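In what follows, chains carry the letters A, B, and so on, assigned in the order in which the sequence lines appear, proteins first and then strands, with residues in each chain numbered from 1. Side-chain atoms are counted along with the backbone in the values below, which use heavy atoms only and exclude waters and symmetry mates. Predicted model only: the values in this text are computed from it and were never measured.
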Number of protein chains: 2
Amino acid sequence: MESKSATLSLSALGHEGRLAIFRLLVSAGPTGLAAGEIARRLGMVPNSLSANLNILSRANLTTSRREGRSIIYQADFSTMTALVGFLVGDCCGGAPEICSPLNQLLSQSQQCAPTPSRQKELC
Amino acid sequence: MESKSATLSLSALGHEGRLAIFRLLVSAGPTGLAAGEIARRLGMVPNSLSANLNILSRANLTTSRREGRSIIYQADFSTMTALVGFLVGDCCGGAPEICSPLNQLLSQSQQCAPTPSRQKELC
DNA sequence: TCCATAGTTCTAGGATAATAGAATTATGTG
DNA sequence: CACATAATTCTATTATCCTAGAACTATGGA
């Protein structure tokens, strides 16, 4: 990921409503959520929601598919991962000890590694 | 970290110049960099840089200290870590397998864990 | 004290983003 | 086809952000 698309993603997420949408979609996982369901859960009017979904989409943070009358949105995890990588990429540049909180954070998320063998591999 | 401060940090970083400043400070580590040095390296005019440093500072992404005539800025790694945690926090909500790229990313950054014993502890 | 250096604050303009009402498009059902 | 539902697009108003020139503050040295 390069600076321009990172900026695009970060400014898309730098908005309380869009951050709430994105986090909701992250927790919803690959199943995704219909636009109407997002609007209902977050109490947003449809046109504002649509505009914000469009901004998230242009930042490659979400994808969507139609299912009948509904349009299902889901978080794009690859962009999220790339964005985190871009932010923490040079963290260790000068001082290794700074990384340890980040490592702890990451090791916590390893509890959801797919298989024990993979978890071993990662460590 | 809560939504409001995460939004503040993300919108602060959602600006090409400020993102460049922050990443420069992240790579500079705890030593930090003088404002003038940042301006010189990134080719920014002093007043714009100062305004942007102020925005990063209000978002708790940087700290500063005076040294003689210079003011030294450094990245606030605890905010950076909290922000990443806020973003990836619910990543595993519904589908563990999604986390693996994130885990890989994090395990790469473990190469800079302070000591072998600590690395063992983290895993 | 006088001057140079380092940064910040003030200011005004132009540009960009946010919001919500109204109209429009797309899909499914009777 | 007519109608209801689901979302989007259009539009205009308002608010916010960005930028850089100019003035100001703080520090160190002659």
In whole Å, I'd like the distance from the [atom1] atom of [X] to the [atom2] atom of [N].
| X | N | atom1 | atom2 | answer |
| --- | --- | --- | --- | --- |
| E16(A) | dT19(C) | CD | P | 10 Å |
| N52(B) | dC18(D) | CG | P | 7 Å |
| R58(A) | dA18(C) | CZ | P | 10 Å |
| M44(B) | dA6(C) | CE | P | 19 Å |
| I72(A) | dT8(D) | CD1 | P | 11 Å |
| L53(B) | dC18(D) | CG | C1' | 15 Å |
| E37(B) | dT5(C) | CD | C1' | 15 Å |
| N54(B) | dT9(C) | CG | C1' | 10 Å |

Are [X] and [Y] side-chain neighbours, meaning at least one heavy-atom pair lies under 4.5 Å?
| X | Y | value |
| --- | --- | --- |
| L83(A) | L13(A) | yes |
| E16(B) | S3(A) | yes |
| S11(A) | H15(B) | no |
| L8(B) | N60(B) | no |
| Y73(A) | L33(A) | no |

Base, sugar-phosphate alone, or nothing: which one does A34(B) contact when heavy atoms must sit under 4.0 Å apart?
sugar-phosphate
R40(A) near the nucleic acid: base, sugar-phosphate alone, or nothing, with a heavy-atom cut-off under 4.0 Å?
nothing
Taking only the side-chain nitrogens and oxygens of [X], find out if one of them lies under 4.0 Å from OP1 or OP2 of [N].
| X | N | result |
| --- | --- | --- |
| Y73(A) | dT8(D) | yes |
| H15(B) | dT19(D) | yes |
| S48(B) | dA20(D) | yes |

For residues 44-57 of chain A, tabulate all N or O donor-acceptor pairs below 3.5 Å that involve a side-chain atom, not counting sequence neighbours.
residue	atom	partner	partner atom	Å
N52(A)	OD1	R18(A)	NH1	2.9
N52(A)	ND2	S48(A)	O	3.4

Decide whether [X] and [Y] are clustered together by the hydrophobic rule: side chain heavy atoms of Ile, Leu, Val, Met, Phe, Trp, Tyr closer than 4.5 Å, transitively.
| X | Y | result |
| --- | --- | --- |
| L10(A) | F86(A) | yes |
| L87(A) | V26(B) | yes |
| F77(B) | L24(B) | yes |

With the side chain of S70(B) defined as its heavy atoms from C-beta on, choose the nearest nucleotide among dC18(D), dG7(C), dA7(D).
dG7(C)
Encode nucleotides 21-28 of chain D as B, S and - characters from 5' to 3', where the letter depends on protein heavy atoms closer than 4.0 Å: B to the base, S only to sugar-phosphate, - to neither.
BB----BB
Residues from residues 2-10 of chain B lying under 4.0 Å of DNA chain D - heavy atoms
none
